[in-house]
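Here the structure comes first, spelled out in structure tokens, and everything after it is commentary.
Just so we're on the same page: letters track the sequence lines, and every chain starts at 1. Quantities reported herein were computed from a predicted structural model and do not represent experimental measurements.
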2 protein chains.
Amino acid sequence: MANHLALENQLCFRLYRLNKRMAKMYAPLLKSLNLTYPQYLVMLALWQSTSEGLSVKSLGETLELDSGTLSPLLKRMQTNGLVQRTRSEEDERTVLISLTESGIALKAQAIDIPLTLFGKTGLSESEFTQLTYLLDKLISTTANT
Amino acid sequence: MANHLALENQLCFRLYRLNKRMAKMYAPLLKSLNLTYPQYLVMLALWQSTSEGLSVKSLGETLELDSGTLSPLLKRMQTNGLVQRTRSEEDERTVLISLTESGIALKAQAIDIPLTLFGKTGLSESEFTQLTYLLDKLISTTANT
DNA sequence: CAAAAATAGATTGCACACAACTTAATTTTG
DNA sequence: CAAAATTAAGTTGTGTGCAATCTATTTTTG
């Protein structure tokens with residue numbers, strides 16, 4: 001007779017706690033780069049993009065964030081000198097976000113973060129693979145928006 | 001040669017996205033109970049507690065939230081008639097949070113939520129068990145606070 | 001082609017989430 | 001026992017995150 005409403009039985013609560021703990025583990029490393037956790041995700045997206053940058057729309061699709069979150073976040077990143085905003089010439093509605101020199105340079109300082117964090121998780125390679133598989137499966141069955 | 005900074009390779013990003021998707025899946029169900037997702041977690045904690053209720057501190061330990069989050073959140077729940085606050089008599093620093101009649105009654109309306117959501121995940125029982133195991137392992141290796 | 005619909009981004013309002021700080025009460029300690 | 005340290009909640013300030021709305025620009029359609 002399972003108690004379905006017990007907090008310990010909620011998958012969502014495990015994800016909720018773990019997500020917060022992850023962000024807290026990143027925080028000290030990111031602080032030295034003057035980045036918040038969501039800003040770090042934006043940087044990851046931009047570091048792997050072309051030099052023209054990404055539109056706010058495509059950044060939003062990649063990170064699953066809407067303009068209500070991204071607009072002020074990108075404004076802060078611009079203030080901190082990490083990104084530039086350019087109106088697209090083909091479509092005046094579109095704003096292209098691209099890295100500044102300083103934003104590009106920051107990549108070198110971030111390069112070790114993923115492995116450092118993976119070390120702290122204590123997971124084996126095979127557990128990591130298995131967890132990735134299960135999370136992807138769940139991501140694919142949970143519709144976005 | 002793995003690209004460690006690629007967004008697709010980040011475990012944290014999978015958890016980040018999935019956590020948000022979960023909250024969005026709960027949202028419509030919780031809206032009919034007039035609860036937000038964090039408020040739902042508070043209700044789960046209170047539904048399984050004794051009738052004396054829980055202190056803000058123990059609620060915070062259970063949910064991994066500090067008073068900066070809980071104080072205003074509990075105030076809103078009190079405004080909505082779900083919980084009461086009582087100063088403890090043994091220790092005047094402690095505030096006990098307990099359910100109102102209406103808060104207790106809400107449990108009946110929430111009883112089907114976990115199974116409804118589990119259905120939407122599309123996970124098998126064995127996948128659920130495996131995922132729970134891996135998440136717990138990760139939770140136990142990631143220190144809190 | 002002009003009106004209607006759709007799209008991109010920004011803005012507003014509300015609810016977390018957390019660091020840092022404050023206040024009041026209790027414990028510890030010299 | 002009194003001063004110092006600790007503890008529990010609350011407050012303040014900043015940064016998300018999202019729904020709803022607004023504005024400007026395109027695209028579609030009659």
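When all heavy atoms of A:L123 and A:F118 are compared, the closest pair comes out as O-CZ, 3.5 Å. Contact between B:R85 and B:V95 at its shortest, heavy atoms only, is CB-CG1, 3.9 Å.
At least one donor-acceptor pair under 3.5 Å links the side chain of A:T141 to the backbone N or O of B:T121. No donor-acceptor pair closer than 3.5 Å links the side chain of B:S58 to the backbone N or O of B:L54. In this structure a side-chain-to-backbone donor-acceptor pair under 3.5 Å is missing from A:R93 to A:R87. A:T142 contributes a side-chain N or O that, together with a main-chain N or O of A:L138, makes up a donor-acceptor pair within less than 3.5 Å.
Ring planes of B:Y40 and B:Y26: tilted class, angle from 30 to 60°.
Counting atom types as modelled, A:S67 pairs no side-chain N or O with a base atom of C:dA8 as donor and acceptor under 3.5 Å.
For A:R17 and C:dA17, the CZ to P distance is 14 Å, given to the nearest whole Å. Rounded to whole Å, atom C1' of C:dG9 lies 14 Å from atom CD of A:Q78. In this structure, the CG atom of B:L41 is 13 Å from the C1' atom of C:dA17, given to the nearest Å. Taking atom CG of residue B:L70 and atom P of nucleotide C:dA15, one finds them 16 Å apart after rounding to whole Å. Straight-line distance from the NZ atom of A:K57 to the P atom of D:dT25: 19 Å, rounded to whole Å. Rounded to whole Å, the distance from CG on B:L35 to P on C:dC16 is 10 Å. One can place NZ of A:K75 at 7 Å from P of C:dA10, the figure rounded to the nearest angstrom.
The stretch residues 88-98 of chain B touches DNA chain D through B:R93, B:T94, B:V95, each having a heavy atom within less than 4.0 Å of the strand.
For the pair B:L96/B:V56, no side-chain contact is recorded, criterion being any heavy-atom separation below 4.5 Å from C-beta on.
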Heavy-atom contacts, protein to nucleotides 12-18 of chain D, under 4.0 Å, summarised as B (base), S (sugar-phosphate only) or - (none) per nt, yield ---SSBB
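Residues B:K137 and A:E127 are paired through a salt bridge, judged by an N-O separation under 4.0 Å between the basic side chain and the carboxylate.
Residue A:R87 places none of its side-chain N or O atoms closer than 4.0 Å to OP1 or OP2 of D:dA24.
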